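These notes are about the structure you will find just below.
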2 protein chains.
Amino acid sequence: MTDIKSGPNPLFLREEDLRQGIELLFYAYRDFTAEPDAILARIGLGRAHHRVVYFVGRYPSITVTELLSILQITKQSLSRVLSDLVEQEYIAQRPGTKDRRQRLLTLTDKGVELERSLSDAQRARIAQAYRAAGAAAVEGFRTVMLGIIDAEDRAKFPPPGKR
Amino acid sequence: MTDIKSGPNPLFLREEDLRQGIELLFYAYRDFTAEPDAILARIGLGRAHHRVVYFVGRYPSITVTELLSILQITKQSLSRVLSDLVEQEYIAQRPGTKDRRQRLLTLTDKGVELERSLSDAQRARIAQAYRAAGAAAVEGFRTVMLGIIDAEDRAKFPPPGKR
DNA sequence: GAAATAAGTCAACATGACTGACATAAAATC
DNA sequence: GATTTTATGTCAGTCATGTTGACTTATTTC
């Protein structure tokens, strides 16, 4: 609250600026999920299935415990969607070699195809937004989003130089 | 695929950059909603109530139809949460003066207080992220988020000069 | 050998979304 | 003035996704 500059100065944050931030997140997330949701509905699956397929694709051989810590839902909630996906052969399970209690999860070919079709709409949306905004804006976006995310998970997003 | 530069160049969008964008949205929204959800749970309300209280606070005297078009849910879904909020006197309804079919929605004092307590956590999170990121990053964030949001709703976010 | 961990299961429940059908009052149009 | 459209509300049923609590099994760690 000491140095007030002209233009949008985040050191002088008005009520209105913060409201706008809240709304940007609401509308962006709403529109970001609408397309995959529509595809999922056609094949009798839901957003929860998408999330599981997404993160299993992202981290092949992920364990159930790791997946739970990402999704932050209960084991019982995950169980339902995961067993759907295993039954319908989108996801394969195999025991861990070091720890045989673990069930390592991977996408089947069918799962890879599903993940792709679901995330394609999202990738296209991001790509278009990034292209329209330019490199500098993308870096700003990344920085602010990281600030919104709890510190524990920021390490999942290595800085540009390290990518 | 033609010009490869160093650093994050959104004209050369790698699979990995797009994935990161998807994940930034997932984690940010997850953490952004966690705190108000916890508060709501204590008073027996849910996220849907928060959204209604938020947008009635944002647009005093909003009509039901307008609210539906923002939330993009069905009338029946809104009806339940809205009647909870009216019964518990967080929201007041009064007929429109020009069109007496309309029920104009406003927050009661109790509703204003609820809205504030719910959104305070979110405002604090945004404020902290904005401060840490700096003015330029905030503008980049705004630009990318607008690109993600469907064009129809972008007019809700006037450019900095007009704010 | 005992304790902790990874995973799964059963049961019951809450929330928030949906569809479809129908009702009422008021406004707009023919 | 009669008809149609619009704004809102409601009843009934369903589904997806989350929750808690209690318990089991297999395996690893101490």
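Here the structure is a predicted model, which is why all the values come from computation and not from measurement.
- Not a single donor-acceptor pair, N or O on each side, falls under 3.5 Å between the base of D:dG9 and the side chain of B:Gln93.
- Rounded to an integer number of Å, the gap from CZ of B:Arg103 to P of D:dT6 is 19 Å.
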Next on the checklist: For a salt bridge (charged side-chain N to carboxylate O under 4.0 Å, His left out) check, start with the C-alpha distance between A:Arg30 and B:Glu152, then their side-chain angles and the critical distance, and finish with the verdict.
Outcome noted: CA-CA 13 Å; A:Arg30 186 196 68 176; B:Glu152 304 91 84; over 6 Å; no
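- Of the candidates C:dA17, D:dG18, C:dA6, the closest approach to any side-chain atom of A:Ile73 belongs to D:dG18.
- At a threshold of 4.0 angstrom between heavy atoms, the contacts of B:Ser83 with the nucleic acid are absent.
- For B:Arg100, taking side-chain heavy atoms from C-beta onward, the closest of the listed nucleotides C:dA26, D:dT10, D:dG18 is C:dA26.
- Residue B:Arg101 places no side-chain atom within donor-acceptor reach of the base of D:dT8, judged by atom type and a 3.5 Å distance cut-off alone.
- The shortest distance between the side-chain N/O atoms of B:Thr74 and the OP1/OP2 oxygens of C:dC18 is below 4.0 Å.
- Nearest nucleotide to the B:Gln76 side chain, out of D:dA12, D:dA7, C:dA6: D:dA12.
- In the set D:dT8, D:dT19, C:dA6, the nucleotide with an atom closest to the side chain of B:Val64 is D:dT8.
- For A:Tyr27 and B:Phe157, the ring centers are positioned less than 6.0 Å apart.
- Using a 4.0 Å heavy-atom criterion, one finds that A:Arg80 contacts the bases of the nucleic acid, with or without backbone contacts as well.
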